[in-house]
Amino acid sequence: MAGLELNRLRKSYGAVEVIKGVDLSIMDGEFVVFVGPSGCGKSTLLRMIAGLEEITGGELKIGSLVVNEVEPRDRGIAMVFQSYALYPHMTVYDNVGFGLKLARAPKEERDRKIRDAARILQMEHLLDRKPSQLSGGQRQRVAIGRAIVRQPEVFLFDEPLSNLDAALRVDMRMELAKLHQDLGATMIYVTHDQVEAMTLADKIVVLNAGIVQQVGSPIELYQRPANLFVAGFIGSPKMNLLSGSVTAVDGDAVTISGKDMANVQLSADAEAFKVGDMVTLGIRPQRLHLSGSGALVGQVVLVERLGNETNVSVSLPSGANFLAVLDGDHVLQPGQVVTFDFATSDAVVFDVDGIARYAQA
Amino acid sequence: MAGLELNRLRKSYGAVEVIKGVDLSIMDGEFVVFVGPSGCGKSTLLRMIAGLEEITGGELKIGSLVVNEVEPRDRGIAMVFQSYALYPHMTVYDNVGFGLKLARAPKEERDRKIRDAARILQMEHLLDRKPSQLSGGQRQRVAIGRAIVRQPEVFLFDEPLSNLDAALRVDMRMELAKLHQDLGATMIYVTHDQVEAMTLADKIVVLNAGIVQQVGSPIELYQRPANLFVAGFIGSPKMNLLSGSVTAVDGDAVTISGKDMANVQLSADAEAFKVGDMVTLGIRPQRLHLSGSGALVGQVVLVERLGNETNVSVSLPSGANFLAVLDGDHVLQPGQVVTFDFATSDAVVFDVDGIARYAQA
Amino acid sequence: MSVTTADSAGALQTTVRKKPIQARYPGWFILPAAVIYSVLFLAPTVSSLYFSLTRWTLFDSVFIGFENFAQFFREPFLVQGLINTVIYAVVTSGMKVVIGMAFAVLLTSNIVARGYLRSVVFFPVLVSTVGVGITFTVLMHPTQGMINETLALFGIKGPGWLTNPSLALYSVALVDVWKGVGLATVIYIAGLVAIPRDYYEAARIDGATPWQNFWYVTLPLSRPATATVIILSFIGGLRTFDLIWAMTKGGPGFASDTVASVIYKQYQAGFYGLSTAGNVVLFVLIAVLVIPLTMILNRRRGHE
Amino acid sequence: QQTTLSLFSPNDQAAVAYTEAMIEAFEAANPDINVEIEVGPGGTERDNMVKSRLATGTMNDVFVYNAGSLFQAINPVQTTVDLTNEPYMADILNSFKQTVTANDGTLRGVPYGQAMGGGVLYNKKIYEELGLSVPMTWDEFMANSAKIQEAGYAPVIQTFGDTWTSQLFILADYFNVQAKNPQFAEMYTRGEAKYANTPAAMAGFQKQADVFNAGYLNEDFGAATLNDGLRMLADGEGAHYPMLTFAVGTIAQDYPELVGDVGFFALPGDDASLNGTTVWMPTALYISANTPNMEAAKKLVEFVASKEGGCDPWVEINAITGPFLIQGCELPADVNPAVADLQTYFTANGRTAPALEFLSPVKGPSLENITVEVGSGIRTPEDAAALYDEDVKKQAQQLGLPGW
Amino acid sequence: MKKQLPLISGIAAITVSFFVFVIPFLFIIFMAFKDRRQAASRDFSWPEGFHLWENLVEVVTTRNWMMITAFVNSSILTVVSVTLLVVLAAMVGFVLARRDAKWNGPIEFLILAGLMIPPAVVPTIWLLQGLKLFGTLHGMILIEVAYNLPFSIILYRAFIATIPRELDEAAIIDGARPLDVFFRVILPLLWPVTVTNIVVQSVGIFNDFTNPLYYLPGANNATVQLTLYNFQSQFNTAYNLLFTNILLITIPPLLVFLFFNRQIVAGMTAGAVKG
Ligand SMILES: Nc1ncnc2c1ncn2[C@@H]1O[C@H](COP(=O)(O)OP(=O)(O)OP(=O)(O)O)[C@@H](O)[C@H]1O
Ligand SMILES: Nc1ncnc2c1ncn2[C@@H]1O[C@H](COP(=O)(O)OP(=O)(O)OP(=O)(O)O)[C@@H](O)[C@H]1O
Ligand SMILES: [Mg+2]
Ligand SMILES: [Mg+2]
């Protein structure tokens, strides 16, 4: 009933094409997260769904209706703007209650809902302030409040937690998850925070330069990125990527050699490769462990000790940089030579076009 | 020479006191990070240092001079605003170069610096755009660019990376660290991102409600939080806090019991406690591990599988919630009963006023 | 870096005294305007106040105390003039505010022929009052005027717009609106384009109909423009006489006289002291009406 | 060496045309003098301008301005140059000199144009058609009007679109006032005679009310303008138009073929034996006291006071609307009938009287508003006269005249 | 449906504007096309014959090409005065809007007073004479500036409040001095208001006649509105020429309006701040 269907959606600003044909279907009640690098078109896509940006090409359906030409107010949506867009002349209370007022909700109901939202957002003491008297994070919470007091079929959130501190982010994340559960509304959420994406999403959409790179559940994206871009983008710190070439193909296994490694045997879609192909090997920093013997040897460049884990930046023989995230606190000195090992099933092999080739199940 | 000295600094907006006597000394060339919950006064403090907010009380020194009454432009600072504050009528190029133009930098030098900054910020293709034609993250980068082209003695950054994607954040973080190293300028940095704080800071200042809670190196704050607030604030997810009472005091060890645990013996400053005192026990989620037998037993409420780690939310007998972050991927079912253990040295004991009491070294 | 330090240290010495916030908006910005305004406007105007206490032929003046004021208040049609003045000001400024806003909203939307419409609405502002006066006395001619001829087509006998004593003032006020609404419109347009689009977007998302959009967003956020238009047109309405003069000379008889036109008549008659006294009275009247109005309008200011 | 004189000229077209023609002749005669003309607004606006220029010493070298009471208001002793002893003054008619005599008895100006009569312009064709004769009394006038109305013409034209035209009933009636009360002007100036209590003076208001009450006015009298009135008169839509004779010039210009149909008679009073017209003196040319070019200015004034400068150019541009005030200037033979009619009053003895404004400085500024009211039936003549007396009182007080 | 709305409302607006605004305008044009005689009857009728050209020639050449002198004078007067006005008024408005000083109230009162009291002509002439500015174009320019300042200041003052203060702050941090802040940041962002000011004040000053009448005497100093007096007098008005003249002197301000009107566009401050 309030699922969404995006068909070859396009958007250009003059000659600049920003959204280049996005196909996507979102089910009713699904929690979808858009991620992608800065400027890839997340906000634009959200604004197109909201009806704030004219659609240059393609078709957008909400429920079973084509809404390309439908006014935002008739689309049954609420939205948190990346730039907040709070009404400067209204108090926080009025900002939050504005949508309800327009919908002619009874005064008591409105009041109750506003106060509920304020409690959830921990800003009950701010209700009488004007936006100009708020801190950045407080403004952002007002923007969230404005969306959540209403009960639309679709929620659109554009980086709603970016200016909140960690504790509040966690709280808010939980509240949004709860809201999603309680209302069963469809939610589309833009974030650049991987944890948010991973924990909230039923489905993550990875965008790059206006093109969808991969759509899937969080764990799918983390474990089986479709291509180099997704591999590099999902997971923080980034997946390490090493180039090499295929030296042997054998059943489900491919053997790869390169400047930084010798004859590493990995499981992959053997049919996609032949000996001599240039490939890229991907391995997540968290999947590496220090070991006496291993495939990768390098010199420590930088050590970041975070308490519960240690980030080690290593320079490989080819000069490439390599990052390992080790559990616990390790004392390592720059300049020290270290050896890392990993499980062959933890590595991903990308072909020359950057497409991941997993072993056939 | 460009260290800072804050002496009982105060700021009120009318009757609302926002900064309540901050004492702080920042050495020349230090990288100081302000953290604290949303609305605690970080931006205000930064703006006071910049000279944008009138100082209500106390004294502010930059170098050896009291600057309370000095014009911002004479303070030798550059700043990134939380709200960006880009000049809407200028292109990105002009926005970034505005400060240099005012300083009458030669045209070639200006051009070189602007292009350098653009390269660093990965926005060379955006130089001719107006701010309104940029995405949120791109605007934020312009704001950073505007600060870094200049070479002031003090940099003030107000959540400069909040709207960037993970990869870019890492890159920018590195660039800022590099800039810090290269220029040797003092940097004051507001962030709500723990990783940023931890990796960049020489010194972290934890603020709450306009009062400094603790000042120290990142690892100090993580490992030895001074009080419950810092303990709860630093580290993500939050440190778990359980209440109990002292049942025995013995040399360096204190024994604590409560609804959720029985006779846990911990190392703490024994002199601060006597039997019967109400205390709070703090233990970081990352310090817990599943075990056959252990001090804490609870029922799984929620499981978040992130790939390389698993967050488990557990409900304890008292009804309190408890979070554990386990390494690797664990398959746990909600409702399942689990037992956690931890090393006694990993726990922190807070007295009834919330002050941490560590065993005397 | 040592150079910069020396520099800023030098600057520090000189600026230590000033309050930073004030120094950002230095008082001398006002100075050039203040000098020109006080010397060429305020000084002569204030000095002319003396003449309100004299019988003044321009060639010589005789001090007569408050006799002029007494005389002014004895003007036979003063009360009616006062009532007319207020009616005229309220009608013209009210209509300019409302119609100007409506035009501005229309002319900032993406309506077709926007440029044409803007020009057409503004055109009357450009035409000299004399021309407007003649044009409308012709159009409002009771028998051959276009307006009444058109009404006659519908079988309505149009009134004597300018010759009917109870109608003349309103007819002139209508023409004043016709002539001045373009000005209000451009001020409003400037106000409307200054409203960031974000707010409209937020309101559209919040479910605002175009009318609600206008009422809750446009109207409050165009407050600077509204305040300006109200104040300017209200003061203008209280003071104008040129159009009244061009169209009815205050007539028929004294029916459309306002305080300003009474004063103007005195001036034209060479009663310089008396008309100066009249101006003082009018000034007080305007101030009494306008100062509270500005205070109300500026109470909550701008977007802050 | 070239001297440049600046002349502040009136702005109505005939006067400007005359000024240009006259200057051309003057410059031809005086190659070393160059005259620049500045035109300003007319009416009361002009009064203010002239006064403020004179008061601040910024007046042009020579300027044209009214004679009579307005002349007295410019403080002529200080602001203008004494011309009493100039030889050409001998050639100027006394009736004019009277109006440019400052209160110290000196003469300050020379005529700049022709005298005008104030009375009734009428359509001769209608009169011929209906066999009417020029009325010598008000009753005859009303009787004529009744017949005219029967014949389907508007008997009396009024044009309140130009409010000043409404005053003619009062102003042009002054001959009749003076005929009955020869002392009126003096007493009036002293505040002793009032319109409300002088029946002869009231009569003007009464006449205006009569024509309104009788329904003799053209339908659009409230909105019509002078131009409309002249057109109606020339066309024969209306028969009578109380007006000054200068208007014939406008008819001659706009409807040259109809100007022969327009005649003139004095606004009649009660007594056919005391019938005459009220006369307006032309404006005058003065030298500003602050002129640095005295000699050239005097030459110019002398020229204007001569037949070549003061009369011939008018004849040349064919704008004759009344008799000249310079001796030796004859009206050409082919003048318009209205002017010829006017001329007959001048040639007869005792059939002219100057308008009140040449005899008394007192004139209420609101007269035109009041006459519009009377002429539109808004106010009764009695009321109007009383109101006008108030208006006059205000003005006299402002002038600081004794007795008010 | 959505696309057609602007079209429908546009057509409606054009129709209404035709009756309300264009017809009176047509009257003026028709008058300018008529000959003297037809114009004298001042009715709304179709011109008999095309007399615009002869009217134009007569209007322009009258009084020794006075129209040309007047155009030159009025243009100089307008351009210089408006430039000064815009800059000075914006500076005052800027300081008044941004500063919360105690004496803002009295200053604003004095400014409003400028709109409420008519200037005193004769004392001003004395003053100008004392300053040796009487009858000079500079004097006239200063007068126009002084008389029109209140309007411009009020306009600017109201609108400066709509520019986020954070932009000032950013500029100050960038090292801008007050003049830099004003000229490089504030003034450009006030462009729509400046345009309004330019348009309104140029029209006002170009069409001003009372002030030049008193302060700028002399045939060589004529300004355009004074040319109207060539054809309009108390007793006798040549309406065809008067309206041709009106039409002619309306053209320059109209061009100014047409030029600047395009510059009033939305979104000047878009993208500046977040919040
Ligand atoms: N003009 C004002 N009037 C009253 N209170 C204000 C005003 N401006 C800010 N505050 C309050 O001051 C406090 C500190 O604000 P500040 O912007 O410094 O917070 P912050 O630490 O930067 O928060 P955030 O992380 O959300 O940006 C906030 O609680 C805010 O509500
Ligand atoms: N008016 C415009 N004209 C031209 N390009 C534009 C315009 N508005 C946005 N863009 C470009 O469109 C692209 C997509 O912008 P969008 O705001 O959707 O990015 P985003 O994915 O939300 O990025 P961020 O994470 O930084 O907010 C950006 O590269 C931006 O520069
Ligand atoms: Mg975005
Ligand atoms: Mg902040």
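In what follows, every chain begins at residue 1, and chains take the letters A, B, ... in the order their sequences are listed. All values below come from the heavy atoms of this structure, side chains included, with hydrogens, waters and symmetry mates left out.
Contact check for A/Y87 versus C/P220: no side-chain heavy atoms found under the 4.5 Å cut-off. Contact of the C/E201 side chain with the A/R47 side chain is registered, since non-hydrogen atoms from C-beta on lie closer than 4.5 Å. The shortest side-chain heavy-atom distance between C/I205 and A/R150 falls under the 4.5 Å cut-off.
Of all the listed residues (A/G99, A/A78, A/G76, A/A143), the one sharing the greatest number of non-hydrogen pairs under 4.5 Å with chain C is A/G99.
Contact annotation for A/A103: neither backbone nor side-chain heavy atoms come within less than 4.5 Å of a heavy atom of chain C.
Around CG of A/D128, the count of heavy atoms belonging to other residues, nucleotides or ligands within 6.0 Å does not exceed 12. Residue C/Y200 qualifies as enclosed at atom OH: its count of foreign heavy atoms under 6.0 Å is above 12. Residue-environment remark: CZ (A/R129) exceeds the threshold of 12 foreign heavy atoms within 6.0 Å.
The stretch residues 37-46 of chain A participates, sequence neighbours left out, in these side-chain hydrogen bond (donor to acceptor under 3.5 Å, both in side chains) pairs: A/S38-B/R141, A/S43-A/Q82, A/S43-A/D158.
When all heavy atoms of A/L102 and C/A203 are compared, the pair lying nearest together is CD1-O, 4.4 Å. The two residues C/R204 and A/P72 have their closest heavy-atom pair at NH2-CD, 3.4 Å. A/A85 and C/A202 get closest at one heavy-atom pair: O-CB, 3.7 Å.
For the pair C/D206 and A/K101, the salt-bridge criterion is not met [side-chain N within less than 4.0 Å of a carboxylate O].
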Ignoring hydrogens and angles, write down the donor-acceptor pairs under 3.5 Å from the side chains of residues 95-108 of chain C, residues two or more places apart or on other chains.
| residue | atom | partner | partner atom | Å |
| --- | --- | --- | --- | --- |
| C/K96 | NZ | C/D176 | OD1 | 3.1 |
| C/T108 | OG1 | C/A104 | O | 2.8 |
| C/T108 | OG1 | C/V105 | O | 3.2 |

Considering only distance and modelled atom types, tabulate donor-acceptor pairs under 3.5 Å from the side chains of residues 230-243 of chain C, sequence neighbours left out.
| residue | atom | partner | partner atom | Å |
| --- | --- | --- | --- | --- |
| C/S233 | OG | C/V229 | O | 2.6 |
| C/R239 | NH1 | E/L115 | O | 2.7 |
| C/T240 | OG1 | C/G236 | O | 3.2 |

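Interface residues of residues 209-217 of chain C toward chain A, defined by a heavy-atom distance below 4.5 Å and sorted by number: C/T209, C/P210, C/Q212, C/Y216, C/V217.
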